[in-house]
Amino acid sequence: MRYPLRKITIAAAFAVLFALLVLTATAPKRASAATSAIFGREHLFTLNASDSAVLRSRYNTVILFVVDVAANGDLNYNGNHLLVQNGVYVGDPGWGARLAALKTPPSSVHRIEVCTGGAGALSFVNIRHLIASQGTGPTSILYKNFQVLKNTLGIDAIDYDDEVDFDVSSAVSFGKLISTLGMHVTLCPYDNETYWRSVKLQLGGRVDAVYLQCYDGGFGNDPGYWNTLFGGLKVQPGDWNVNSFATVQSEMAGWAAEDGVTGGFIWLLDDMSSTDAIRYADAITNGIGGPTTLSATGRNGSVTLTWSLSPGGGTYNLYRGTSPGGENATPLRANLTATNYTDSGLTGGVTYYYKVTAVSSEGESAPANEAAATVILSTSGISGTISLQSVAAGRLAQPITFTLTPTGSTGGSTITQTATLGAFNGSFALTNVPSGTYILGIKGSKWLRKSVTVDTTGGNVTGLAVSLTGGDVNGDNQVSLPDFIALRNAYRSRPASAKWNSSADLNCDGQVSLADLLILRSSYGKSGD
């Protein structure tokens, strides 16, 4: 990891004080579905009130940079804080509590990682030598020291930033040790993709995040290419605060749109004011996700839309089209302040497609998921009775599946409803059927499908009477040899029997008997509609 040093100016100090005053009076905002991570050094050790408030209000993942592994296995933070020695925590006794407070609700932070390695660091060389001499068992110094590190500081993952050794075998062995201790492994590459791919593939699900450096030495890295290396795990690209907020948001939006990334990170907390840390977090979440979980519900002449709150605040632009991905380039509605909208005056039977973006001082976010809904003008009901072959009154309470397939000019998709018949008269009632003409398919699990035409353009359809033919034991809509075999296998069984098959009980009398065999014989060779 590259880390240019910066001096703290008087202006920056005042900015920290200002952010502290603002953040202590403001509740943390809801976290985005997009992961926003931040690396930090000494600021994550001291964790003053201003930094803590920023992290708890905006970031999901906090990565402590850097824990060095010495040749004897000692663990040291940021070059000047000895943490663990000979299996004993010897560091600042209050650091664990400060870190734990980051995740105490209400907080957006749910994960704390430790990064090891970095530019010129010998940690992975030392790890390789320690594994060669001691292994990775419970008596090894690596096991003891990292177990203490996890338990004392509440660490969720160890982040690999190997920029020196690139030894696959020891990196994999170390990762298995980390997993045994109950932590995840994450990777932070900027080059040498062959090494990183081998480590990920051999560690498998133990690795649950890849933070791709796309700045400094990793400038020009293509997240889309790196996404192909890790067995379906998408990278989370990172940027640094050398770039402007608008540049970071633009890059994140591009990676989200082109490469499908769902998270990103920023380097480095120590080199930015609290106000800037907020703006970089918003640049990540607005760029990658903006609002999330857009949903659309078709109603009579309208579509109701709802979406989640964008973590960066601001307003929303809503786009509409009539084909997937075909939303108009001009917003249907701009600068919406609420997280819901009703699109009215629409044509019944037409499916409309929507996207929503967040708009902040840094620009417009990538859109949330596309949502679609088909508009209906009015709804009706369909009711009637169904008789089931050889099933007596009192036993007719059987589940029946109804499918309404639009015909002619009726638009929309096939509608499926399930209803249980009246026990004594076989009655049923379907509701919320849009106005139109349909082929109504009626199918029970052991009865052949029957299709009838219904027309709800004039309102409710009542008095429909349909008879279903039994014998379809295996549910494939025909009565044939497999049904006979299934019935034979369940013959003379009751529900408590090991060979009981309720679908072979064709007359629903609680047993598979000669009466069921006679029903099957009478229907043999028939098929449903």
Side-chain angles (χ1 to χ4, degrees), residues 1-2 31-39 59-63 65-66 110-119 124 156-163 166 168 171-172 175 178-179 183-241 243 247-268 280-281 283-290 292 365-366 369:
M1 183 76 70
R2 274 49 180 168
S32 168
T35 298
S36 55
I38 188 168
F39 282 78
Y59 290 93
N60 311 126
T61 301
V62 172
I63 305 174
F65 189 90
V66 59
H110 59 75
R111 182 169 169 128
I112 297 175
E113 303 186 18
V114 158
C115 182
T116 188
F124 279 91
D156 300 295
I158 302 299
D159 181 46
Y160 285 20
D161 185 17
D162 185 3
E163 302 186 17
F166 300 116
V168 174
V172 170
I178 294 303
S179 178
M183 292 180 283
H184 294 285
V185 175
T186 62
L187 311 179
C188 191
Y190 77 91
D191 68 353
N192 202 343
E193 58 263 35
T194 300
Y195 164 76
W196 294 106
R197 181 177 187 274
S198 298
V199 171
K200 167 61 178 83
L201 294 184
Q202 291 188 48
L203 285 177
R206 299 178 180 91
V207 176
D208 69 346
V210 178
Y211 304 112
L212 178 65
Q213 300 179 50
C214 296
Y215 56 93
D216 198 22
F219 178 78
N221 270 332
D222 177 11
Y225 167 71
W226 283 81
N227 279 343
T228 67
L229 303 179
F230 301 118
L233 180 64
K234 291 185 182 296
V235 303
Q236 299 180 34
D239 214 326
W240 61 355
N241 62 311
N243 289 332
T247 297
V248 171
Q249 178 160 321
S250 176
E251 289 180 339
M252 292 291 175
W255 292 327
E258 296 173 12
D259 307 315
V261 301
T262 58
F265 72 89
I266 194 74
W267 173 274
L268 173 76
Y280 279 116
I284 293 172
T285 53
N286 283 340
I288 288 180
T292 58
S365 76
N369 59 287

- Message: I need the single residue from Y190, W267, F39, Y215 that forms a ring pair (Phe, Tyr, Trp, His ring centres under 6.0 Å) with W240. Which is it?
- Response: Y215
- Item | Heavy-atom check, side chain of T186 versus side chain of Q236, under 4.5 Å |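 In short, these two side chains do not touch, never coming nearer than 4.5 Å.
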- Pick out which of Y160, Y195, F124 makes a ring pair (Phe, Tyr, Trp, His ring centres under 6.0 Å) with F166.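 Of the listed options, the one satisfying the test is Y195.
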- D259 side chain reached by D222 side chain, heavy atoms, under 4.5 Å: yes
- Message: Side chains of V185 and V207, heavy atoms from C-beta outward: is any pair under 4.5 Å?
- Response: yes
- Query: Tell me, do N227 and V261 make a side-chain contact under 4.5 Å, heavy atoms counted?
  - Reply: yes
- Drop me the distance from H184's NE2 to D156's CG, to the nearest 0.5 angstrom.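 Nearest 0.5 Å value for the NE2-CG distance: 7.5 Å.
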- Can you name the closest pair of heavy atoms from S36 and T285 and give their distance?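 Between these two residues, the closest heavy atoms are CB-CG2, 3.8 Å.
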- Query: Hey, does Y280 have a side-chain heavy atom less than 4.5 Å from the side chain of I38?
  - Reply: no
- Is there a side-chain contact between W226 and V210, using heavy atoms and a 4.5 Å cut-off? no
- Task: Of all the heavy-atom pairs spanning A283 and V248, show the shortest one and how long it is.
- Result: CB-CG1, 4.0 Å
- Item | Close side-chain approach of W255 and L212, heavy atoms under 4.5 Å | no
- Item | Side-chain heavy atoms of I266 within contact of Y59, under 4.5 Å | yes
- Check the pair L229 / W196 against side chain to side chain contact (heavy atoms under 4.5 Å, CB included), numbers first and verdict last. CA-CA 8 Å; L229 303 179; W196 294 106; over 6 Å; no
- Closest approach of G263 and P237, non-hydrogen atoms and distance?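 Where G263 meets P237 most closely, the heavy atoms are O-CD, 3.2 Å.
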- Tell me, with the steps shown, if D161 and Q213 meet side chain to side chain contact (heavy atoms under 4.5 Å, CB included). CA-CA 10 Å; D161 185 17; Q213 300 179 50; 3.3 Å; yes
- Message: Please give me the minimum heavy-atom distance between C115 and I63, naming the atom from each residue.
- Response: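 Distance-wise, the nearest heavy atoms are CB-CG2, 3.9 Å.
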